[in-house]
Amino acid sequence: MESLATDRTVREQFAAETTYLNTASLGVLPRDAADAVRTAIAEYSVGRPYVREGFEAVQEARELFARLVGVDASRVAAGASVAVYAGLLATALPAGAEVLVADDDFSSLVNPFAVRGDLKLRSVPLPELADAVRPGTALVAVSAVQSADGRIADLAAIRDAARAHGARTFVDASQAAGWLPLRADDFDYLATVGYKWLLAPRGAAFLVTPDDRSDVTPVFAGWVAGEVPYDSCYGPVTQLARSARRFDESPSLLAYSAARHTLALIERLGPQRIGAHNAALADRFRAGLARLGHEPVAAPGSAIVAVPGLGHAAERLAAADVLVSSRNGFLRAAFHLYNTDADVDRALDVLGG
């Protein structure tokens with residue numbers, strides 16, 4: 001199979017004019033997706049609202065994402081934010097329930113449980129998460145890949161420990177979906193935004209639920225969550241969707257008009273192939289950093305590279321049109337399917353002076 005670095009069909013989809021190493025913040029929009037948004041806006045601007053086509057795009061994106069994580073589309077809700085879905089699960093827990101999280105995990109995952117006030121939020125270092133599950137733990141919530149430094153959670157160990165103690169699992173795949181192969185069936189709930197490694201605009205997100213959703217009340221359900229949405233516009237919704245669509249938020253149609261194209265690209269290339277490409281570039285960057293005397297965070301196999309104490313260099317890199325980010329004082333670079341060895345070497349050249 002042709003390398004992503006030389007795959008013309010991939011190269012032609014992207015038009016970045018910078019050395020873009022910041023997918024952990026925001027992915028680059030492919031040309032097909034950008035064209036789809038322009039078409040939708042053109043329809044809006046002449047009085048032909050992009051509604052029917054927009055909802056078709058939502059459903060197509062739902063089905064594409066379902067296939068990526070190996071579940072039926074009936075188990076996937078479409079929304080806009082992981083924080084909203086974390087809040088949904090937080091409302092389902094009884095007062096006093098223990099929620100176990102990793103230290104310094106992303107706030108959108110953690111904070112909805114913290115603001116309840118009557119839950120027991122317990123935080124431990126990421127490597128200790130599986131061993132910290134205990135009788136009485138109700139939910140383990142963790143990011144598959146840590147936003148700040150790229151460490152990959154031992155999801156198999158966390159899953160097994162949670163099941164052994166009767167706890168549920170909630171995985172935030174926002175820094176993983178698109179390059180790290182995931183099986184949603186390994187967890188009770190899995191959520192992700194679409195605007196990072198799935199390359200969609202902000203406004204698209206997904207939640208995978210179990211077949212039995214009876215313990216979660218769709219507290220923000222509106223008309224789109226009805227079994228027949230256009231029969232559910234006024235008064236209480238008399239029949240919620242029988243599928244996970246009961247947890248849909250009213251969708252950002254423009255975002256989903258693009259997401260149907262970005263997810264199709266990810267599906268065609270495959271997370272395994274993309275992940276191998278990304279990890280090879282990240283390893284090249286780590287090796288180059290070591291030659292320059294820097295010590296990245298140990299994150300084997302991750303597409304994200306973080307260097308403690310080097311966050312200040314992000315501005316110098318940006319001045320040279322090399323875009324990375326600074327998180328918690330770390331310099332954070334993230335490599336995706338549109339990056340090449342030349343991008344890695346350009347960043348190293350700038351850092352090396």
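Predicted model, so just to flag it, every value in this text is computed and none were measured.
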Below 4.0 angstrom, N of the basic side chain to O of the carboxylate: do [X] and [Y] qualify?
{"X": "R327", "Y": "D149", "value": "no"}
{"X": "R31", "Y": "E12", "value": "no"}
{"X": "D283", "Y": "R286", "value": "yes"}
{"X": "R346", "Y": "D321", "value": "no"}
{"X": "D186", "Y": "R183", "value": "yes"}

Going by side-chain hydrogen bond (donor to acceptor under 3.5 Å, both in side chains), name the residues that satisfy it together with N22, two or more places apart in sequence or in a different chain.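 Applying side-chain hydrogen bond (donor to acceptor under 3.5 Å, both in side chains) to N22 gives S25, S325.
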Not counting sequence neighbours, which residues clear side-chain hydrogen bond (donor to acceptor under 3.5 Å, both in side chains) with T137? List them please.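 So T137 forms a side-chain hydrogen bond (donor to acceptor under 3.5 Å, both in side chains) with E98.
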Can you tell me how far [atom2] of [Y] sits from [atom1] of [X], rounded to the nearest 0.5 angstrom?
{"X": "E60", "Y": "E56", "atom1": "CD", "atom2": "CD", "answer": "9.0 Å"}
{"X": "L21", "Y": "L331", "atom1": "CG", "atom2": "CG", "answer": "9.5 Å"}
{"X": "N278", "Y": "L281", "atom1": "CG", "atom2": "CG", "answer": "6.5 Å"}
{"X": "D211", "Y": "D72", "atom1": "CG", "atom2": "CG", "answer": "8.5 Å"}
{"X": "R75", "Y": "L190", "atom1": "CZ", "atom2": "CG", "answer": "10.0 Å"}
{"X": "D35", "Y": "H261", "atom1": "CG", "atom2": "NE2", "answer": "8.5 Å"}

Take V344 and N339 through the test side chain to side chain contact (heavy atoms under 4.5 Å, CB included) and record every step on the way to the result. CA-CA 8 Å; V344 176; N339 293 127; over 6 Å; no
Distance-only, no hydrogens or angles: does the [X] side chain make a donor-acceptor pair with backbone N or O of [Y] under 3.5 Å?
{"X": "K196", "Y": "A24", "answer": "yes"}
{"X": "R151", "Y": "Q146", "answer": "no"}
{"X": "T217", "Y": "V219", "answer": "no"}
{"X": "D160", "Y": "A157", "answer": "no"}
{"X": "H165", "Y": "A161", "answer": "yes"}

Within a strict 4.5 Å, meaning less than it, do heavy atoms of the [X] and [Y] side chains meet?
{"X": "L323", "Y": "T19", "value": "no"}
{"X": "L100", "Y": "L139", "value": "no"}
{"X": "V99", "Y": "K120", "value": "no"}
{"X": "L207", "Y": "L88", "value": "yes"}
{"X": "D215", "Y": "R168", "value": "yes"}
{"X": "E63", "Y": "R260", "value": "no"}
{"X": "L155", "Y": "L182", "value": "yes"}
{"X": "S232", "Y": "T238", "value": "no"}

Hydrophobic cluster membership, [X] vs [Y], 4.5 Å side-chain cutoff:
{"X": "V305", "Y": "W179", "value": "no"}
{"X": "F113", "Y": "V140", "value": "no"}
{"X": "L292", "Y": "V350", "value": "yes"}
{"X": "V224", "Y": "F247", "value": "no"}
{"X": "V171", "Y": "L129", "value": "yes"}

Over 12 foreign heavy atoms within 6.0 Å of [atom1], [X]:
{"X": "E267", "atom1": "CD", "result": "yes"}
{"X": "Y234", "atom1": "OH", "result": "no"}
{"X": "D7", "atom1": "CG", "result": "yes"}
{"X": "Q272", "atom1": "CD", "result": "no"}

Counterpart residues, side chain to side chain contact (heavy atoms under 4.5 Å, CB included), relative to [X] (two or more places apart):
{"X": "A241", "answer": "E227, S243, R245, R246"}
{"X": "V46", "answer": "R48"}
{"X": "Y195", "answer": "L26, V193, R202"}

Of all residues at least two apart in sequence or in a different chain, which pass the ring pair (Phe, Tyr, Trp, His ring centres under 6.0 Å) check with [X]?
{"X": "F220", "value": "none"}
{"X": "F65", "value": "F206"}
{"X": "Y44", "value": "none"}
{"X": "Y20", "value": "none"}

Step by step, work out the salt bridge (charged side-chain N to carboxylate O under 4.0 Å, His left out) result for R159 and D185. CA-CA 10 Å; R159 173 202 64 206; D185 270 338; over 6 Å; no
Go through the structure and list residues passing salt bridge (charged side-chain N to carboxylate O under 4.0 Å, His left out) with R163, not counting sequence neighbours.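 R163 satisfies salt bridge (charged side-chain N to carboxylate O under 4.0 Å, His left out) with no other residue.
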List for me each residue that meets salt bridge (charged side-chain N to carboxylate O under 4.0 Å, His left out) alongside R8, sequence neighbours excluded, and say none if there are none.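 Residues passing salt bridge (charged side-chain N to carboxylate O under 4.0 Å, His left out) with R8: none at all.
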Looking only at heavy atoms, what is the nearest atom pair of L29 and A33, with distance?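 L29 and A33 have their closest heavy atoms at CD1-CB, 3.7 Å.
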To check you understand the geometry: which heavy-atom pair defines the closest contact between A95 and D118, and what is its length?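 Shortest heavy-atom contact: CB-OD2, 3.4 Å.
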R332 side chain to S147 side chain, donor-acceptor N/O pair below 3.5 angstrom: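 Judged by distance alone, the side chains do pair up.
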Donor-acceptor side-chain pairing of S123 and D103 below 3.5 angstrom: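 Yes, D103 and S123 have a side-chain donor paired with an acceptor closer than 3.5 Å.
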Evaluation steps, side chain to side chain contact (heavy atoms under 4.5 Å, CB included), between L348 and R284: CA-CA 10 Å; L348 292 171; R284 183 184 183 93; 5.5 Å; no
Please step through side chain to side chain contact (heavy atoms under 4.5 Å, CB included) for the pair V307 and L289, ending with a clear verdict. CA-CA 9 Å; V307 190; L289 288 166; 3.6 Å; yes
Hey, could you give me each pair passing ring-ring contact (aromatic ring centres under 6.0 Å, His included) that has a residue in residues 328-353? Not counting sequence neighbours.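 Residue pairs passing ring-ring contact (aromatic ring centres under 6.0 Å, His included), neighbours aside: F14-Y338, W197-H336, F285-F335, H336-Y338.
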Walk me through whether T192 and L198 qualify under side chain to side chain contact (heavy atoms under 4.5 Å, CB included). CA-CA 9 Å; T192 183; L198 296 178; 4.1 Å; yes
